[in-house]
Amino acid sequence: MATETHNASGDGLADAVGVDSHAAADAAPGMPQLDFSSFPNQIFWLVVTLVVIYLVLTRVALPRIAAILAERQGTITNDLAAAEDLKARAVEAEAAYNQALTDARAEAQEIIAKAKADMQADLDVAIQKADAEIAAKAAESEKAIAEIRASALDSIKIVATDTAAELVAAMGGKAESDAVSSAVDSRLKG
């Protein structure tokens with residue numbers, strides 16, 4: 001019964017408006033894009049829109065994009081060229097550095113060789129001077145030794161002569177100084 005009441009009130013409203021509920025659902029066109037009666041109009045505006053988009057893209061957007069891409073490519077090309085130039089300069093600088101290093105090492109070797117030669121020359125002079133001083137001192141020492149030897153021989157001769165004279169006197173003889181001296185001299189000579 002409740003259904004009947006509801007239907008009765010719903011039919012009364014539909015009757016009041018003058019539209020049958022089933023007929024209203026069948027008469028509704030649905031989605032406007034699928035309405036075949038408006039297809040020529042939709043196709044016209046689709047073509048107009050596509051032409052406008054095409055013109056905007058070809059006249060405005062694509063040239064700007066192409067210009068940006070060309071500018072980027074130019075920048076990249078310039079940067080690559082600059083990098084190659086800097087690389088070549090770096091290679092040249094490295095070669096110059098290596099050459100300077102080689103020259104500096106050669107110059108250092110020359111300076112070392114010259115310093116060694118100078119030091120050897122100074123050393124040779126000092127050695128010659130020291131050898132001369134040693135030779136002079138050795139000559140002086142030999143002269144002093146010869147003098148000491150000579151004085152020692154004289155002292156030995158005197159002591160031997162006195163000892164011989166005393167021995168002869170102690171044995172009871174008379175010692176003559178000339179005879180004792182000649183006997184000591186002959187004995188010392190060998």
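Only heavy atoms go into these numbers, but all of them, side chains included; no hydrogens, no water, no symmetry mates.
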Would you list the atom pairs, donor with acceptor, under 3.5 Å between side chains in residues 51-61 and any protein atom, with sequence neighbours excluded?
unit_1, atom_1, unit_2, atom_2, d
T58, OG1, Y54, O, 2.9
T58, OG1, L55, O, 3.3

Heavy-atom side-chain contact between L46 and Q42 under 4.5 Å: no
Check for a donor-acceptor pair, side chain of D85 on one end and backbone N or O of A81 on the other, with a separation under 3.5 Å. no
Could you measure the distance from the CH2 atom of W45 to the CG atom of L50? Nearest 0.5 Å is fine. 13.0 Å
Do you know which two heavy atoms are closest between S186 and A183, and how far apart they sit? OG-O, 2.9 Å
Distance (rounded to the nearest 0.5 Å) between L80 CG and T75 OG1: 10.5 Å
Show the atom names and distances, to 0.1 Å, of all donor-acceptor pairs under 3.5 Å that link a side chain in residues 137-152 to residues at least two apart or in another chain.
unit_1, atom_1, unit_2, atom_2, d
S141, OG, K137, O, 2.8
S151, OG, E147, O, 3.2
S151, OG, I148, O, 2.9

Ignoring hydrogens and angles, write down the donor-acceptor pairs under 3.5 Å from the side chains of residues 109-135, residues two or more places apart or on other chains.
unit_1, atom_1, unit_2, atom_2, d
Q120, NE2, D124, OD1, 3.0

Measure the spacing between CD1 of I158 and OG1 of T163 and express it to the nearest 0.5 Å. 11.5 Å
